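Values in this document were obtained by computation on a predicted structure and should not be read as measured data. Sequence lines set the chain letters: A, B, ... in the order given, protein chains first and strands last, and positions in each chain run from 1. What you see below is based on every heavy atom in this structure, not just the backbone, and it leaves out hydrogens, waters and symmetry mates.
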Amino acid sequence: MEKSTVVIGVIGADVHAVGNRIIEFALDHAGFNVVNLGVMVSQKEFVDAAIETNAKAIFVSSLYGQGELDCRGFGDYCKEAGLNNVLLYVGGNLVIGKSDFEPVKEKYITMGFDRVYPPGSDINQGIEDLKHDLEIMD
Amino acid sequence: MPTYLLFDVGSTYTKGCIVDTQKDEILAIANDLTTASIDIAIGIENVKRKMAPVLSKISIDQTLVCSSAKGGLKMIAVGLVPDLTLKAATLACYSAGAKVIGSYSFELNQSELKEIENAQCDILLLSGGTDGGNYEVVIHNAKMIASLAPKFPVIYAGNKSCQDEIVSLFRKANVDCVCCENVMPTYGILQVDQCRELIRELFLRTIVKAKGLSELSSIIDDIVLPTPMSVMEALKLLSKGTSTEIGIGDLMAIDIGGATTDVYSMNAHFVLKDNIGYKGLREPLDKRSVEGDLGVRFSAHNVADLKKDEPEYDHGMRDYLQQIQDNIHCDIDPDKDSVLAAWCTNIATQRHAGRLETSYSPMGVGYYQSGKDLRDVSVMVGIGGPLLHSKDPLSILEMTLSDPNHPEILLPDKLEYYLDSNYVVSCLGLLASRHPDTVVRLLKRNMEKII
């Protein structure tokens with residue numbers, strides 16, 4: 001079976017590179033075709049890359065607390081660009097300071113994300129969810 | 001080692017030179033006003049007559065020609081995302097010496113199709129999707145193009161996964177379709193070499209005939225290249241040299257014409273300084289860009305419009321622009337032409353160069369580059385009439401330098417300037433694959449340093 005493509009990157013002006021590399025490694029290891037856009041990625045770059053590569057999912061990381069600003073309108077933008085069936089996952093330190101995760105999750109779901117992960121999540125959980133959502137059997 | 005008679009036909013002047021590859025010598029150089037609108041052969045005969053004293057004493061082994069006649073090689077590029085496969089396709093066309101007369105992204109619609117039908121292009125380059133990536137859009141576009149039953153050949157350089165389907169649907173519609181590697185096989189990676197070679201082959205196989213150049217076959221042995229591709233081959237050798245003849249290193253070049261301005265940059269390595277990220281498509285080491293709206297005649301108005309705030313845009317300039325508009329062949333005002341050429345140089349090189357963007361975040365300042373960093377380039381070569389006829393070519397070429405008000409544009413602070421004052425670059429490019437050492441030596445000898 002052809003590998004499913006996942007576009008990953010760290011959104012906004014965020015330059016945290018390490019976690020992003022771990023995500024790339026783990027997805028690659030799990031049998032996905034990974035397009036890693038690196039750090040400081042704009043919404044447009046995510047969308048452009050997903051269109052050209054026929055991606056099944058976009059993994060957005062944000063570690064510096066400004067994700068809420070950077071991700072605003074992301075789901076709508078994807079829809080406008082015709083990416084109706086692309087899964088959107090987001091994870092990291094998604095807001096500044098410590099706060100309850102539930103309202104944060106709600107906020108990102110409203111922005112159009114399918115799954116939202118709190119700080120310290122295990123990437124393997126994300127991969128398991130992705131396989132479930134894409135109906136990929138091991 | 002043979003002696004060659006080389007011609008460059010189709011631009012304002014028909015240029016010719018005789019090269020003895022044994023002695024590494026240019027035996028004669030001559031040029032004459034073009035006769036492209038009547039019969040190219042007459043122009044060639046005129047130039048040969050000027051070289052008669054030399055021609056009568058030697059025997060020519062081969063005659064080769066590069067051509068930009070009948071508007072040069074006109075191409076249409078079709079891609080998916082504007083900044084990705086469409087950009088890759090456009091860069092492929094430019095690197096093959098073509099002029100891109102139309103570029104289209106995403107799904108083609110009927111009005112765009114109409115434009116393509118009316119555009120009279122020589123070749124259409126269809127791309128879209130990385131290998132294994134999107135195929136719906138490129139298949140849609142292939143169907144639309146096939147529905148035109150076009151006379152021009154189509155090159156398919158998109159997603160390999162749907163290549164068979166696309167070839168078969170073009171075959172069914174009796175469209176001449178050839179395939180090559182995807183111009184962007186994976187995200188951000190440009191791969192144009194095969195496509196470029198294919199464009200050259202098609203140029204020889206079909207275009208030369210269509211443009212009435214095949215009648216020249218009695219006088220010449222081979223129409224080898226579109227002129228800009230020949231220029232590019234020559235500049236590449238001048239920059240990189242060969243294993244036995246050292247080149248002059250990274251360089252930029254500009255060719256200002258009446259309607260368009262071409263900018264070239266040749267680099268040995270892709271420059272990306274420490275702690276700077278890269279965004280988008282990696283541009284080629286040997287890059288050519290064509291500005292279809294910049295030139296000193298047909299495009300003079302556009303250029304002036306972009307420079308309205310400059311002090312040189314005065315009454316005199318406005319009068320001159322009016323004269324050009326009334327009669328494209330009006331008398332040349334060398335000073336005004338120099339100003340127009342300087343503006344062309346300034347805008348075209350700024351568009352050609354990469355950008356460095358600064359991003360401020362809670363974590364400090366971050367930088368990322370898009371396009372080519374040309375700050376370390378040390379040589380600029382001027383080609384073409386407006387530069388060679390100018391009284392002060394230095395003032396034109398200096399417009400390449402980085403602008404202190406725009407430090408984000410990655411152009412050099414200091415350059416050495418050379419002129420192709422004998423009009424040999426385009427002709428010598430014809431020998432690039434046959435006699436590279438000779439070409440490097442002759443180019444180095446014939447570039448006039450200006451200070």
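Contacts of Phe106(B) with chain A are made by side-chain atoms alone, with heavy-atom separations under 4.5 Å and no backbone atom involved. With a threshold of 4.5 angstrom between heavy atoms, Val39(A) approaches chain B through N, CA, C or O but not through any side-chain atom. Heavy-atom distances place both the backbone and the side chain of Val15(A) under 4.5 Å from chain B.
Classified by interplanar angle (parallel below 30°, tilted 30° to 60°, perpendicular above 60°), the ring pair Tyr89(A)/Tyr117(A) is tilted.
Counting heavy-atom pairs closer than 4.5 Å to chain A, the top-ranked of the candidates Asp83(B), Val137(B), Thr186(B), Leu84(B) is Leu84(B). The greatest number of non-hydrogen atom pairs below 4.5 Å with chain B, out of Asn33(A), Thr5(A), Leu37(A), is found for Leu37(A).
No more than 12 heavy atoms of other residues, nucleotides or ligands shown are found within 6.0 angstrom of CG on Asn85(A). Residue-environment remark: CG (Asn275(B)) stays at or below the threshold of 12 foreign heavy atoms within 6.0 Å.
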- request: Under the salt bridge (Lys or Arg N to Asp or Glu O under 4.0 Å) rule, what do Arg351(B) and Asp293(B) come out as? Steps first, then yes or no, please.
  value: CA-CA 12 Å; Arg351(B) 288 183 189 166; Asp293(B) 60 339; 2.8 Å; yes

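The two residues Phe46(A) and Val10(A) come nearest to each other via the heavy atoms CZ-N, 4.3 Å.
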